[in-house]
Amino acid sequence: MLNVKDLIVFYENAIAVNDLSMEVREGQIVGVIGSNSAGKTTLMNTLSGLIWDMLIKEQRKGGERITVMGSVHFFEEDISKLPAFRRAQQGIVLCRERHPVFPDSSVTENLKIAGYLRKRAEVKQGIELSFDLFPNLARHRSRKAGFLSGGEQQMLAIGMAMMVGPKLLLLDEPLLGLSPAMQTQVVEAIKDVRRHTGVTLVIAEQFARPLLPWLDFAYVIENGMLTLTGPGPELMDNPEIKSAYFGV
Amino acid sequence: MLQGTLIYGFINSVVLMLVALGFSVTFGISGVANFAYGALYVMAGYLSWLGLHSLGLPYWLAAPGAVAITAGVAAMIYWFILLRVRGLVVSEVIATFGMGLAILELFRYLGFIGFEYTLPPLIDASVMIGDTYVDAQRLCIVGAGILLAAFLWFFTHYTKTGLAFRGIAQDERTALTLGINADKVAAWSVAFGAGYAALAALVILPLGTIAVNEGYNVLVNALAVCIVGGLGSTVGIIVASFLIGFAQILTATYLETSWMMLVSLVAILAILVIKPSGLFGHQKQLEERI
């Protein structure tokens, strides 16, 4: 479904993603595990095409030079140069880190805005599905999204990404900044979404413990480079992972 | 006297609201600066005058034509000028303000000054309300104001493009990941706002002559209403235009007519000191709370 080959991303002279190749098959749940500044977010932005928007904005400002090399193929088609909104139209949807919602719009409105590409009836169905999956959101449907708690905002962000109708859903640090109890809730919510829609998932995260057991395949990255790969449960038993991510 | 003040205060308020609506769509709701707004307003007036008098077109062709051309010019300003500096707010303001100056001063240079530059009223009659004479054009303004405000509210709450306007203003990157082509939507927003400016010009300008200076006044008034009401809030626009509108008429009646223009400026200053996000402001409300 998704093939990434020899991906390299530079910010000025600093290398953020270093010669990375990965593959995602249809129906899989794939994890990208790494600590802070490992290059997870840059990788997700490159997969979703947002990097091109950043590149253009930096150029306008005369700011940081961003360089992207390598290729990204989606269903055998080269999408390396496509901007983010085109990739979303093709079915690659990114849910960015730090629960990106529209803070001044109500919960329902957020979902409606997210339904930009869908037909009116589909938007209605999608909103109902989101409320079914996340009962918390249904309770706060007319509240401003900015007043929701972090966990609720994260669920809303996932609901918004699902409104687009993704074939491949990219989640960038869905557990970031959440309490352990909320983390468990969000993990359950992601599992629910998955059960309901069967969407293919790529999750970038540093809290490996709640995720690894159900990852079909995981890539562990450090300083932009792949260090370990393998099915999630297998990595659970890896001594390096244990010491680096579980503190054992 | 009092009755007349109330009626003319009401009409003046609706005029302000009409002038502010288009500016609010672009700058308030979508977050794209368009300070060529006043110039586009005046341009719509001159274009329909040219259509009527130089080309001899009937009104039903000249007026919509002027609206369409104004919106088209605004979209081109976005595509060829604003897009290069999009994301750098100060540059956006400077670029569009410069464009506005160029358009207005071009009209002055071409000699579009004088009393012959007037637009015909929609209905040439007057009615008595109580014991005050009100001409029908002013009633048309009130009607147009209500219609355009209602349509704007509907458009930004129930249509995809309208909802996308608010999406790109709040978080452009998130909008992009949701499949919204932010540049296209922003161009639509600039064109939509200019279309509103043109419609406002067509109903308001018949009250007087089309003058270059009107462009500057319109910009100041629109800015004042949007800032006082709070950027991005349609309700705020309505409330603020009534506050400023009545304040202007009361100033003209009881103090001095020439002080009318000061009211908007004082209103901008006062609101920036007391509540910078405006009376019904969304944009900065959350940040101020924290």
Side-chain angles (χ1 to χ4, degrees), chain A residues 44-45 47-54 56-63 83-96 98-106 108-120 123 144-147 157 160-166 169-170 172, chain B residues 28-31 81-92 95 153 155-186 188 230-234 236 277-278 280-290:
Chain A
M44 296 306 251
N45 285 345
L47 296 185
S48 70
L50 263 191
I51 196 89
W52 296 113
D53 180 61
M54 296 162 72
I56 291 169
K57 296 269 152 76
E58 288 294 328
Q59 267 176 0
R60 273 181 207 159
K61 272 199 296 200
F85 70 92
R86 289 240 180 277
R87 292 192 202 189
Q89 286 164 2
Q90 294 203 358
I92 303 181
V93 179
L94 168 70
C95 181
R96 287 156 58 227
R98 291 169 208 285
H99 24 78
V101 298
F102 300 120
D104 295 316
S105 294
S106 73
T108 317
E109 252 169 29
N110 265 280
L111 293 167
K112 274 193 198 163
I113 298 176
Y116 183 74
L117 297 176
R118 300 265 77 83
K119 292 197 194 79
R120 208 159 267 271
V123 172
K144 274 189 186 177
F147 291 137
M160 284 162 70
M162 291 309 297
M163 288 294 290
V164 186
L169 179 60
L170 310 171
D172 193 0
Chain B
I29 296 176
S30 320
I81 296 167
L82 208 46
L83 193 54
R84 294 158 185 271
V85 293
R86 183 90 171 92
L88 313 169
V89 181
V90 178
S91 308
E92 283 183 38
W153 191 86
F155 188 81
T156 52
H157 283 80
Y158 291 100
T159 67
K160 285 198 172 127
T161 312
L163 285 164
F165 281 2
R166 295 198 291 171
I168 61 164
Q170 293 181 51
D171 195 331
E172 198 184 334
R173 294 239 159 98
T174 302
L176 283 172
T177 60
L178 298 172
I180 297 172
N181 183 349
D183 287 327
K184 197 176 90 182
V185 171
W188 271 115
L231 290 172
S233 159
T234 311
S277 59
F280 292 82
H282 292 304
Q283 239 76 346
K284 278 188 246 144
Q285 197 187 359
L286 282 168
E287 289 146 52
E288 277 174 23
R289 210 177 81 121
I290 300 159

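Everything numeric here is computed off the predicted structure, so don't read it as measured data.
Heavy atoms of B:Arg86 lying under 4.5 Å from chain A belong to its backbone as well as its side chain. In this structure, the portions of A:Arg120 lying under 4.5 Å from any heavy atom of chain B include both its backbone and its side chain. For chain B, no part of A:Met163 is nearby; none of its heavy atoms comes within less than 4.5 Å. When heavy atoms are compared at a cutoff of 4.5 Å, A:Arg60 approaches chain B by way of both its backbone and its side chain.
Here the OG1-CD1 distance, from B:Thr177 to A:Ile92, works out to 12.5 Å after rounding to the nearest 0.5 Å. Rounded to the nearest 0.5 Å, atoms CD1 (A:Ile113) and CG (B:Asp171) are 10.5 Å apart. Rounding to the nearest 0.5 Å places OG1 of B:Thr174 at 6.5 Å from CE of A:Met160. Atoms CG and CZ, from A:Asp53 and B:Arg173 in turn, are 5.0 Å apart once rounded to the nearest 0.5 Å. Interatomic distance, B:Leu88 CG to A:Lys57 NZ, rounded to the nearest 0.5 Å: 9.0 Å. Between the CG atom in B:Leu83 and the CD1 atom in A:Ile56 there is a gap of 8.5 Å [rounded to 0.5 Å].
When each of B:Ala182, B:Ser91, B:Gly179, B:Gly162 is scored by its heavy-atom pairs under 4.5 Å with chain A, the top score falls to B:Gly179. When A:Pro83, A:Gly115, A:Ser105 are compared by the number of non-hydrogen pairs under 4.5 Å with chain B, A:Ser105 comes out ahead. Note on A:Arg96, A:Arg86, A:Gln90: by heavy-atom pairs under 4.5 Å with chain B, the leading option is A:Arg96.
Considering only heavy atoms from C-beta on, A:Phe102 comes within 4.5 Å of B:Leu178 through its side chain. Using a 4.5 Å heavy-atom threshold, the side chains of B:Ile180 and A:Phe85 count as separate. Looking only at side-chain heavy atoms (C-beta outward), A:Lys112 and B:His157 stay at 4.5 Å or farther from each other.
Within a 6.0 Å radius of CH2 in B:Trp188, other residues, nucleotides and ligands contribute 12 heavy atoms or fewer.
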